[in-house]
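Atom set for the values below is all heavy atoms of this structure, side chains included, hydrogens, waters and symmetry mates excluded.
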Amino acid sequence: MERLRCAARQLPAAAPPAGCGAAAARSDCTVVANAIGEEDNKQDNSKMMVTEKEKGCTQKYIVKNYFYYYLFKFSAALGEEIFYITFLPFTYWNIDHSVSRRMIVVWSIVMYIGQVSKDILKWPRPLSPPVVKLEMRTTAEYGMPSTHAMAATAISFSFFIATMNQYKYPFELGLVAAFVFSTLVCLSRLYTGMHTVLDVIGGALISAVLLMLLYPAWDMIDHLLLTSPFCPLLSIVVPLVLCYNYPKLDYYSPTRGDTTTILGAAAGATVGFWLNNQYTAPAYTSKSFHLGFPLIPSKMVVVLARFFVGILVVLLTRWLMKSMVLGVLCCRYKFPIQDLEARRRLEVEVPYKFITYSSVGFTATVIVPLLHELLGLK
């Protein structure tokens with residue numbers, strides 16, 4: 001990565017991260033970064049000036065290496081909602097139910113611990129300047145540990161561990177793939193200026209330790225999720241209690257909302273797992289449909305059809321439930337739907353996000369498989 005020289009006016013110490021800054025000593029909302037090198041003062045049409053804006057804050061920087069820029073911007077997206085809402089359902093619809101169940105359980109536990117740890121430790125993110133931040137949404141969050149690093153480590157290695165004995169592929173290939181995936185996401189957090197090296201290493205190590213602790217209990221947890229009569233109740237009540245008792249901060253941080261989203265999606269999916277096992281025959285299983293390698297064209301068509309039909313229904317469910325739940329809460333607490341401050345209140349944010357994303361998880365595990373069966377996508 002190229003070194004950057006940043007010029008910015010330093011302001012006196014201020015409140016915890018909000019708006020432009022994520023550290024006690026905040027910088028001016030405008031940061032101009034120029035690459036150091038021989039071509040500093042030359043005109044180069046291949047360079048690109050990029051401006052990131054949020055809440056009136058502006059960061060300007062010059063991209064001199066498109067490959068690194070797009071590689072790490074893409075890698076950073078692998079730790080965002082867009083990845084979770086596509087990859088996790090894809091494994092359930094097209095690969096193996098048991099693999100998906102294990103990944104979702106590990107992902108939700110790891111992410112909850114990571115999010116809570118941030119707001120307990122309260123370690124600030126890197127100062128800007130000297131770093132240039134390519135993302136603005138998460139600047140209001142604390143930095144340690146990196147939940148991107150935690151999620152990437154948990155998902156990639158839980159997928160590898162869960163599939164290595166069920167699918168025929170070289171062990172070394174699976175291990176390298178998991179390592180490369182998690183490494184790219186970790187490096188992206190450094191490149192985008194959102195975390196320090198310690199944040200990233202700490203997140204990856206915490207995730208690895210949790211994965212090792214959970215692995216011996218995988219089969220027992222999976223059995224309880226599918227057979228225990230208390231599973232649906234506990235799957236809803238426990239996450240709700242955790243969300244309502246999330247650590248309180250002196251200012252608003254999106255960590256509580258993100259945690260509620262994750263636990264809500266996992267809760268809805270878990271209820272779906274139990275319901276499928278108790279009352280309906282699975283629309284497909286690893287025995288009736290095996291992704292396998294190499295993919296033949298006819299099988300690839302079914303895989304893509306399942307994915308696009310499923311993701312369309314999931315996104316429609318998310319939009320519909322967001323509109324309905326938010327509308328009800330607006331009437332209940334008497335605030336306009338455009339009032340972002342009101343939507344951040346505990347009594348609004350938790351039910352709004354939990355109901356919306358638990359519906360998404362339930363739809364992905366129950367409604368979509370039934371729709372696949374009706375459409376003949378077996």
Are [X] and [Y] packed together at the side-chain level, in the sense that at least one heavy-atom pair is separated by less than 4.5 angstrom?
X	Y	value
L226	R101	yes
M103	T91	yes
W274	T227	no
P351	V325	no
F335	E341	no
T363	V368	yes
L224	C231	no
L211	I161	yes

In Å, rounded to the nearest 0.5 Å, how long is the span from [atom1] of [X] to [atom2] of [Y]?
X	Y	atom1	atom2	value
L371	W93	CG	CH2	10.0 Å
L187	S75	CG	OG	8.0 Å
Y112	T260	OH	OG1	10.0 Å
L263	I236	CG	CD1	11.0 Å
Q115	L242	CD	CG	13.0 Å
L346	Y244	CG	OH	6.5 Å

task: Show the numbers, then the answer: is there a side chain to side chain contact (heavy atoms under 4.5 Å, CB included) between L214 and I109?
output: CA-CA 10 Å; L214 290 170; I109 293 174; 4.0 Å; yes
Specify the closest pair of heavy atoms between [X] and [Y], including all atoms of both residues, with the distance to one decimal.
X	Y	answer
L329	V348	CD1-O, 3.5 Å
P145	S117	CD-CB, 3.7 Å
T147	G114	CG2-C, 3.7 Å
A266	S108	CB-CB, 3.6 Å
S146	R189	OG-CG, 3.9 Å
A162	V99	O-CG2, 4.0 Å

- prompt: Does a sphere of radius 6.0 Å around CG in L213 hold more than 12 heavy atoms from other residues, nucleotides or ligands, not counting ones at 6.0 Å or beyond?
  reply: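 Enclosed: over 12 neighbouring heavy atoms sit under 6.0 Å from CG of L213.
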message: How about CZ on F74, more than 12 heavy atoms from neighbouring residues, nucleotides or ligands closer than 6.0 Å, or not?
response: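 For F74, atom CZ is not crowded (no more than 12 foreign heavy atoms under 6.0 Å).
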Should [X] and [Y] be counted in the same cluster of Ile, Leu, Val, Met, Phe, Trp and Tyr side chains packed under 4.5 Å apart?
X	Y	result
L315	I262	yes
I85	F87	yes
L312	F307	no
Y333	M321	yes
L374	V313	no

message: Between Y357 and F362, is the ring pair (Phe, Tyr, Trp, His ring centres under 6.0 Å) condition met? List the steps.
response: CA-CA 8 Å; Y357 285 93; F362 184 83; over 10 Å; no
field: Salt bridge E349-R256, side-chain N to carboxylate O under 4.0 Å
entry: yes
Electrostatic pair R102-D96, nearest N-O below 4.0 angstrom: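 Salt bridge between R102 and D96, a charged N being under 4.0 Å from a carboxylate O: no.
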Under 3.5 Å donor-acceptor, [X] side chain and [Y] backbone:
X	Y	value
T153	M150	no
R306	F90	no
D222	W218	no
S100	H97	no

message: Once side chain to side chain donor-acceptor pair (under 3.5 Å) is applied, what residue pairs with a partner in residues 194-210 remain, sequence neighbours excluded?
response: R125-H195, H195-D199, T196-D199
Between [X] and [Y], ring centroids under 6.0 Å:
X	Y	answer
F273	Y92	yes
Y215	F157	no
F181	F83	yes

field: Test log, rule side chain to side chain contact (heavy atoms under 4.5 Å, CB included), inputs L175 and E172
entry: CA-CA 5 Å; L175 183 62; E172 296 79 7; 5.7 Å; no
message: For Y191, run the ring-ring contact (aromatic ring centres under 6.0 Å, His included) check against F72, F67, Y70 and tell me which one passes.
response: F72
- prompt: Using the ring of each side chain (for Trp, its six-membered ring), is W107 parallel, tilted or perpendicular to Y84, with breaks at 30° and 60°?
  reply: tilted
message: Side chains of K73 and S188: any donor to acceptor distance under 3.5 Å?
response: no
message: Walk me through whether M144 and K122 qualify under side chain to side chain contact (heavy atoms under 4.5 Å, CB included).
response: CA-CA 7 Å; M144 176 67 175; K122 298 183 179 180; over 6 Å; no
message: side chain to side chain contact (heavy atoms under 4.5 Å, CB included), that's the test. Do V176 and V180 meet it? Break it down for me.
response: CA-CA 6 Å; V176 169; V180 169; 4.0 Å; yes
